[in-house]
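Structure first, then comments.
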Amino acid sequence: MGEVRTRFAPSPTGYMHIGNLRTALYAYLIAKSKDGKFVLRIEDTDQDRYVDDAIDVIYKTLKIVGLEHDEGPDIGGDYGPYIQSERKGIYEKYAKELIDKGEAYYCFCSKERLDDLREKNQNKKTPFKYDGHCRSLTEAQVKEKLEAGESYVIRQKMPQTGTTTFKDEVFGKITVENSSLDDNILIKSDGMPTYNFANVIDDHLMDITHVVRGSEYLSSTPKYNLLYKAFGWEIPTYIHLPLILREDGKKLSKREGDASFEDLYYQGYLKEAIINYIALLGWSPGTEQELFTLEELIENFSIRGLSKSPAIFDIEKLKWMNGEYIRKLSLDEFEEVATPYFKEAIKKKEVDYSVLSRLLHTRTEVLSDIPEQLDFVDELPDYDIDLYIHKRMKTNPENALIYLKEVVKVLEGLEAWNFDTIHDSLMELVKKLGAKNGQVLWPVRVALSGKQYTPGGGIELAELLGKEESLKRIKIGIKKLSNI
RNA sequence: GACCCCUUAGUCAAGUGGUUAAGAUACCGCCCUUUCACGGCGGUGACAGGGGUUCGAAUCCCCUAGGGGUCACCA
């Protein structure tokens, strides 16, 4: 067998949902795992749905995640053009060839007649199927209508008996009755091909060896197979992917507000985590490894690991995986990706971002939950003194008051203000008072943050807030506790 | 509705006739510990149901149920 060639063929709708991205990923992996080529083709034959900039979204997304194509509209290649609207003439030629072979025919039925037909079918509760009205037009009749300038489409002529069988690498052999197949439109009245036609022509012309797409195309694949056969072309290897469903078991959709790659990315999910997670939705390496770089995915990918049943997109697991990727970052790398969120969270105060990074590194699953964790920094929130009660720490408002007063004395005397000096002085105090660590440090933490949970404890927060602010907050705590 | 496909814990999943039915996540507990998180250890939890075939079935066959996909001059 020659070189493996796969393609990702999105239609430019301005939105790359997770299912699309995963299809691109698998197509890429299948090609790359066999040293093949990955082609990008834009399927823009629906002029009504054309969206400006949509193609850029596709380029951008593929670039961000590192699925670089070997051929495509932006970089060219030997099989161009790679935009279907620029290939219009090609489809026409092949459609005519099919007509000559008796595998397709002109249809002059008006939209009105078709709508009428559809309505009748609906009343009878039978599925719509073209009635073959124009199938038996004689050559002379066709010629006459053509010359009269009547608008037409070209339809595929389906066999009316027998069955069609095709083999899919994931789903196995699938057989359908030919009589259930509709005479699909190949060329629309505006001269553009439908997807049904264009994908077959282009996949063949571009030497695509493995057709990778979502399983929603499984039921129309017999028609494509018939097309290949009509042309006498070699049938590609079909690889239909199980769908990705959302939590309620429905298909992911933009209209329902389901997350796209972009949404996730801008919410603070790392691209590596997104790719890694979706790679595992519908595919298993067969080992216990779960964390994969793109390189490792290429090395480990095999069609055999693809599953047939749809997978539900579980944001919780993505979160966990994102946390794993964040923890794998160095402190510097973490600071770099987290800085925009630090800026968002802290406006008034000057704080050391490297200290923030140290505190938040293991406490961040998704970057966007950073601000909430830091909401006490700019301003001490108002809090209830019940926060000073902690059973396990053996603290209560009474002893907290005593300890905080001691803490103030110690901290006021500190010259250098850093983690070590604060730590050592407070620990010394703990020892002197004969208290437990928590008895002193819990009240400090509460006084500094006014919160039940914080990234880091009393010492870390004191370091973060600085001497002046820390003492100010502890004194506020003392005041609160004195008022009871 | 018709046709096609799918069905192992809440979720992702391993499993290809003989396993105590992996692992991950989520959840719960314990340890570590100045809260939380991280880390470590442990636990609850699954072969949709019913018939076959077989010495033996999560694995093969049939039926039922549930879910999904498709039925456009959209892709």
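Chain A is the first sequence line, chain B the second, and so forth, proteins listed ahead of strands; every chain is numbered from 1. Quantities reported herein were computed from a predicted structural model and do not represent experimental measurements.
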Separation between CG of A:Leu280 and NZ of A:Lys317, rounded to the nearest 0.5 Å
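One finds 7.0 Å between CG of A:Leu280 and NZ of A:Lys317.
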Same-atom distance ([atom1]) from [N] to [M], integer angstrom:
N: B:rC27; M: B:rU11; atom1: P; value: 15 Å
N: B:rU44; M: B:rC6; atom1: P; value: 33 Å
N: B:rG18; M: B:rC61; atom1: P; value: 16 Å
N: B:rA57; M: B:rG52; atom1: P; value: 12 Å
N: B:rA13; M: B:rU7; atom1: P; value: 11 Å
N: B:rU70; M: B:rC62; atom1: C1'; value: 26 Å
N: B:rG49; M: B:rC71; atom1: P; value: 33 Å
N: B:rU19; M: B:rG40; atom1: P; value: 32 Å

Expressed as a whole number of angstroms, how long is the span from [X]:[atom1] to [N]:[atom2]?
X: A:Leu291; N: B:rU25; atom1: CG; atom2: C1'; answer: 12 Å
X: A:Glu290; N: B:rA22; atom1: CD; atom2: P; answer: 17 Å
X: A:Asn178; N: B:rC3; atom1: CG; atom2: C1'; answer: 13 Å
X: A:Arg213; N: B:rC74; atom1: CZ; atom2: P; answer: 18 Å
X: A:Leu441; N: B:rU35; atom1: CG; atom2: C1'; answer: 10 Å
X: A:Ile278; N: B:rA13; atom1: CD1; atom2: C1'; answer: 17 Å
X: A:Leu359; N: B:rU35; atom1: CG; atom2: P; answer: 15 Å
X: A:Ile459; N: B:rC36; atom1: CD1; atom2: C1'; answer: 15 Å

Any chance the rings of A:Tyr238 and A:Tyr224 have centres within less than 6.0 Å?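 Not close enough - the centres of the two rings lie 6.0 Å or further apart.
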Item to complete: Would you verify whether the NZ or CZ of A:Lys145 falls within 45 degrees of the ring axis of A:Phe108 while also being under 6.0 Å from that six-membered ring's centre?
Response: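 Cation-pi check for A:Lys145 and A:Phe108: passes.
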Determine yes or no for a side-chain-to-main-chain donor-acceptor pair under 3.5 angstrom, with [X] supplying the side chain and [Y] the backbone.
X: A:Asp182; Y: A:Asn184; value: no
X: A:Asn418; Y: A:Thr421; value: yes
X: A:Trp283; Y: A:Ser302; value: yes
X: A:Thr395; Y: A:His390; value: yes
X: A:Asp203; Y: A:Ile208; value: no
X: A:Ser368; Y: A:Gln267; value: yes
X: A:Lys223; Y: A:Met158; value: no

| With sequence neighbours left out, what residues match A:Tyr269 under ring pair (Phe, Tyr, Trp, His ring centres under 6.0 Å)? |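 Counting only residues at least two positions away or on another chain, A:Tyr269 forms no ring pair (Phe, Tyr, Trp, His ring centres under 6.0 Å).
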Which of [range] sit near RNA chain B, with a heavy atom under 4.0 Å from it?
range: residues 311-320 of chain A; answer: A:Ala311, A:Ile312, A:Asp314, A:Lys317, A:Trp320
range: residues 388-402 of chain A; answer: A:Arg392, A:Met393
range: residues 180-205 of chain A; answer: A:Ile185, A:Lys188, A:Ser189, A:Thr194, A:Tyr195, A:Asn196
range: residues 82-94 of chain A; answer: none

Taking the side chain of A:Arg445 as its heavy atoms from C-beta onward, which of B:rA75, B:rU35, B:rA22 lies nearest to it?
->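 So the side chain of A:Arg445 is nearest to B:rU35.
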Out of B:rC4, B:rC12, B:rA22, which has the shortest distance to the side chain of A:Leu281?
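Of all the options, the side chain of A:Leu281 is nearest to B:rC12.
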> Partners of A:Lys250 by side-chain contact (heavy atoms from CB on, under 4.5 Å), sequence neighbours excluded?
Replying inline: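 Partners of A:Lys250 under the side-chain contact (heavy atoms from CB on, under 4.5 Å) test: A:Arg246, A:Asp248.
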List every contact pair, protein side and nucleotides 37-46 of chain B side both N or O, where the distance is under 3.5 Å.
unit_1: B:rA37; atom_1: O2'; unit_2: A:Thr362; atom_2: O; d: 2.4
unit_1: B:rA37; atom_1: N3; unit_2: A:Thr362; atom_2: OG1; d: 3.3

*If the plane angle is over 60° it's perpendicular, under 30° parallel, otherwise tilted; pick one for A:Tyr106 and A:Tyr152.*
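Geometry flag for A:Tyr152 against A:Tyr106: perpendicular rings.
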Salt-bridge contact A:Asp116-A:Arg113 (side-chain N to carboxylate O under 4.0 Å) |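 Salt bridge flag = no for A:Arg113 with A:Asp116.
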>> So A:Gly323, base contact, sugar-phosphate only, or nothing? Heavy-atom distance under 4.0 Å.
In response: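 The residue A:Gly323 makes no contact with any strand.
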- Query: Who pairs with A:Gln156 by side chain to side chain donor-acceptor pair (under 3.5 Å), at least two apart in sequence or on another chain?
  - Reply: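 A:Gln156 satisfies side chain to side chain donor-acceptor pair (under 3.5 Å) with no other residue.
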Exercise. Excluding sequence neighbours, so at least two apart, what forms side chain to side chain donor-acceptor pair (under 3.5 Å) with A:Glu469?
Worked result: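 Side chain to side chain donor-acceptor pair (under 3.5 Å) check on A:Glu469 returns A:Arg473.
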Whether each nucleotide of nucleotides 58-64 of chain B has a protein heavy atom under 4.0 Å at its base (B), only at its sugar-phosphate (S) or at neither (-) is summarised, 5' to 3', as -------
ask   = RNA chain B: stems of at least 3 consecutive Watson-Crick or G-U pairs, cut-off 3.5 Å?
value =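 Counting only runs of 3 or more consecutive pairs, the stems involving RNA chain B are B:1-7 with B:65-71, B:10-12 with B:23-25, B:27-31 with B:39-43, B:48-52 with B:60-64.
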What are the atom names and distances for every N/O pair under 3.5 Å that joins the protein to nucleotides 68-70 of chain B?
unit_1: B:rU70; atom_1: OP1; unit_2: A:Lys251; atom_2: NZ; d: 3.2
unit_1: B:rU70; atom_1: O4'; unit_2: A:Ser219; atom_2: OG; d: 3.1
unit_1: B:rU70; atom_1: O2'; unit_2: A:Ser219; atom_2: OG; d: 3.3

